[in-house]
There are 4 protein chains.
Amino acid sequence: MPNKNKPPAAAAAPPERRSEILAIAAEVFAAQGYNATTVRRIADAAGMLAGSLYYHFDSKESMVDEILSGFLGELWARYDAVLDARLGPRETIEALVTESFREIDRHRAAVAIYQKESRHLAALPRFRYLTDSQTRFERAWLGTLERGVAEHVFRADLDVRLTYRFVRDTVWVAASWYRPGGLHSPEEIARQYLSMVLDGIAVRT
Amino acid sequence: MPNKNKPPAAAAAPPERRSEILAIAAEVFAAQGYNATTVRRIADAAGMLAGSLYYHFDSKESMVDEILSGFLGELWARYDAVLDARLGPRETIEALVTESFREIDRHRAAVAIYQKESRHLAALPRFRYLTDSQTRFERAWLGTLERGVAEHVFRADLDVRLTYRFVRDTVWVAASWYRPGGLHSPEEIARQYLSMVLDGIAVRT
Amino acid sequence: MPNKNKPPAAAAAPPERRSEILAIAAEVFAAQGYNATTVRRIADAAGMLAGSLYYHFDSKESMVDEILSGFLGELWARYDAVLDARLGPRETIEALVTESFREIDRHRAAVAIYQKESRHLAALPRFRYLTDSQTRFERAWLGTLERGVAEHVFRADLDVRLTYRFVRDTVWVAASWYRPGGLHSPEEIARQYLSMVLDGIAVRT
Amino acid sequence: MPNKNKPPAAAAAPPERRSEILAIAAEVFAAQGYNATTVRRIADAAGMLAGSLYYHFDSKESMVDEILSGFLGELWARYDAVLDARLGPRETIEALVTESFREIDRHRAAVAIYQKESRHLAALPRFRYLTDSQTRFERAWLGTLERGVAEHVFRADLDVRLTYRFVRDTVWVAASWYRPGGLHSPEEIARQYLSMVLDGIAVRT
DNA sequence: CATGAATGAGACTTCATTCAT
DNA sequence: CATGAATGAAGTCTCATTCAT
């Protein structure tokens, strides 16, 4: 995935500038949308000329690629840790949601891009991993919900598939309004969100 | 004469072809994103040449404009009817959510566009009504939630603003997966969704 | 030169509308320039749709053609009358200038178009008569000036060719500011102009 | 960086290529008219592709802008020098005319463009300076002529306003036929022209 | 005679990308 | 590493023109 033109330097000497530019690019992509973002805008923000970006990256596409695959790689490391812990359904959902909001906290821009551009990009062969990830995603969440229903932890009268969609979307869309360092910590947001989804907003009678 | 200075929303005798094209355009915009959609793609889908679109519309921009303002106009007619009925907080939320899903059913494409492109477009003066609408939107939902808390219908331990965001997003994001004529009627989806949000997915103990 | 699609009506029944439209077109061409004038603008001014113009005329080009050839036809009728009268050089110049300003008074728009678009249009085969006219033009004026020098009516120390150019341009450029029905009659303008060119603006010492 | 927000007239270190292209563009604009000149034609003449022009310039419009404002800037520097010298009316007219023909000699293309396109372009806000310049222009010439009449240097029986128009037009229209390096130097043309305007072409009796 | 709708060529412009320096 | 200049494909839009009704 790294640039093919790059000198074969060892990982010991990490190209500082590279990830710096990537972070800038992510921010701009998130703010303006991938298509609407010109390579020049990224370069401007990075303090260089458009052409100079091509020393570091193959193409605009490979920038988002790196941004998204980086984010998904990290996300799955956390998700897998949760899933491998074989907690109960409710606790699994809680952990997944919490990790999701933490990821939004760490990689807000990447998540926003993922949320907005996933569908377009998935059409390109190079981004097949987006679809793969979504499949795994669905399996994990849907499976947990179903397990919860089977174990009488979640209500049986709900359409599991529908519930999955609601939950999935709400978590990720949060990336569009979340601002790191704001009033709420990711854990606090997760708690509030879980409270709503698990127990409802209505007062119990 | 059909072009230039035509009121974007209404017309005494709506030229058949116009709304036909608009529906097609909405579909393509929703599927590919506004920026990524070329005028030629719309024309192709409408069975005409790109240039011919400009007999009916001033610009690509004015097409989305008409799509979005049409959708918002209709939406607010329904919302206002609900709000004017002065129901209780829970019933108001139920009615708003139901109307929202109905609107998704009727104007899926428009809602999807609204969801995805709102932020970019709102930067243009011509689309200021998007921001205005969002403000009214927030006032209506937030107000109802707050009233519910005051009247002990909704839980007091939830952050109302956060809850508003969760609810708002989830409803509209549904436009990205909803397919009219699918398994669930909008009313059924609303019921499921309300059940989750109001009472939670966890089994009561 | 008339439209080939026109019903073969006799000249006895002159198509009123035709010359009406032509006058409007001339006005717009003069104001905006031939290239910058769209066929729709002419149609607007004539109270019809762009397509409808093509019932009366073959093309935008044939409109200017008719405007210019009509103007030049009339102009040469007058010029020829003057030249055939075989006046003295000074009187000939006076008469030509006077007729020119009269023509500007009658066909201001056509003259302005001639002045501005002549060069472009002359490149097209159909407008060769523009070049022909200019040649005849030069012959008439230059000849008169030379005759005047030979007969000691005009100063011998002036470059005749240069003088011709100055005189020619000044007369026609007047079309760009002249407004029929203004303060000065064409004859008055001609008198002022001739006074300047023939006797100079300096006080004689 | 050469693009966007660059002062249209001056630059400390004028990029070679830029003014080269500008000179070519001026030539083409003058020959074919601004509207009729395609950006591709300019690019062809400059030996590049149409799109490449946009590295140097914002738009076709900003090219004429730079051409015209450059020309007017230089012209006014000369005119101001003349006016500040506070010569007599006749000498002032002589100096202004001479400077004008010199300017035509230096910037023939720009003058021709100014002459032909001034009116259209002045409608655009960006070209308001054209109107401003024309106002100053009128003030300078008209004022000098009036002073001349008051001082009995110019004939009192001439309409000053009309004379101003004749003189103004004739000088500038010369740009449409003048060829630098031709038979006559600008000074020679000015002398001939002044001789005609000041003393007339008729032999004194 | 005129309308309404469309065509098709071509205009200006944008932008990712390349490459010599 | 970065710049400056250019490429070439593609995009939005304009406009003269046509034609069935």
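Bear in mind the structure is a predicted one, so any value in this text is a computation, not a measurement. Just so we're on the same page: letters track the sequence lines, and every chain starts at 1.
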Answer yes or no: is there a donor N or O on one side and an acceptor on the other, between the side chain of [X] and the main chain of [Y], under 3.5 Å?
{"X": "Arg18(A)", "Y": "His56(A)", "answer": "yes"}
{"X": "Ser52(C)", "Y": "Met48(C)", "answer": "no"}
{"X": "Ser59(D)", "Y": "Ser62(D)", "answer": "yes"}

Exercise. Gly51(B) or Glu61(C): which one's nearest nucleotide on DNA chain F is closer to the 5' end?
Worked result: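 Counting from the 5' end, the first nearest nucleotide belongs to Gly51(B).
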
Exercise. When the nearest nucleotide of DNA chain F is assigned to Ile21(A) and to Ser52(D) on a heavy-atom basis, which residue is associated with the more 5' position?
Worked result: Ile21(A)

Rounding to an integer number of Å, can you tell me how far [X] [atom1] sits from [N] [atom2]?
{"X": "Arg17(D)", "N": "dA6(F)", "atom1": "CZ", "atom2": "C1'", "value": "9 Å"}
{"X": "Arg18(B)", "N": "dA6(E)", "atom1": "CZ", "atom2": "C1'", "value": "16 Å"}
{"X": "Leu49(B)", "N": "dA16(F)", "atom1": "CG", "atom2": "C1'", "value": "15 Å"}
{"X": "Leu53(D)", "N": "dT14(E)", "atom1": "CG", "atom2": "C1'", "value": "13 Å"}
{"X": "Met63(A)", "N": "dT17(E)", "atom1": "CE", "atom2": "P", "value": "8 Å"}
{"X": "Asp58(B)", "N": "dT12(F)", "atom1": "CG", "atom2": "P", "value": "15 Å"}

For this session: Indicate the atoms forming the closest heavy-atom contact of Ala25(B) with Met63(B), along with that distance.
Result: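 It is CB-SD, 4.3 Å.
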
Problem set entry | Upstream residue (5' side of DNA chain E) when Lys60(D) and Ala50(C) are each assigned their closest nucleotide |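 So the residue in question is Ala50(C).
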
Problem set entry | Nucleotide nearest Tyr54(D) when distance is taken to its side chain, options dT17(F), dG4(E), dC12(E) |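 For the Tyr54(D) side chain, the nearest candidate turns out to be dC12(E).
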
Problem set entry | Summary of salt bridge (Lys or Arg N to Asp or Glu O under 4.0 Å) pairs that have at least one residue in residues 108-118 of chain C, sequence neighbours excluded | Glu27(C)-Arg108(C)

Exercise. Mind checking what makes side-chain hydrogen bond (donor to acceptor under 3.5 Å, both in side chains) contact with Ser133(A), not counting sequence neighbours?
Worked result: Trp76(A)

For this session: Name all residues meeting the side-chain hydrogen bond (donor to acceptor under 3.5 Å, both in side chains) criterion together with Gln115(D); count only those two or more places apart in sequence or in a different chain, and write none if there are none.
Result: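 Applying side-chain hydrogen bond (donor to acceptor under 3.5 Å, both in side chains) to Gln115(D) gives none.
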
Exercise. Does Arg128(A) CZ have over 12 foreign heavy atoms under 6.0 Å away?
Worked result: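 Not buried by this count: 12 neighbours or fewer within 6.0 Å.
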
Exercise. Within less than 4.0 Å of OP1 or OP2 of dA5(F), is there a side-chain N or O belonging to Tyr55(D)?
Worked result: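 Yes, Tyr55(D) has a side-chain N/O under 4.0 Å of OP1/OP2 on dA5(F).
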
Exercise. OP1, OP2 of dA2(F) versus side-chain N and O of His56(A): anything below 4.0 Å?
Worked result: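 Checking dA2(F) against His56(A), a side-chain N or O does come within under 4.0 Å of OP1 or OP2.
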
Problem set entry | DNA chain F-proximal residues of residues 31-48 of chain D, any heavy atom under 4.0 Å |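 Within this stretch, Met48(D) sit under 4.0 Å of the strand.
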
Problem set entry | Angle between terminal axes - the helix from dA2(E)-dT21(F) to dT21(E)-dA2(F), 5 pairs each end, rounded to 10° | 10°

Exercise. Using the C1' atom in both, what is the distance from dC1(E) to dT21(F), to the nearest Å?
Worked result: 13 Å

Under 3.5 Å, sequence neighbours excluded: what are the donor-acceptor pairs made by side chains of residues 29-36 of chain D?
from, atom 1, to, atom 2, distance (Å)
Gln32(D), OE1, Arg41(D), NE, 3.1
Tyr34(D), OH, Glu61(D), N, 3.3

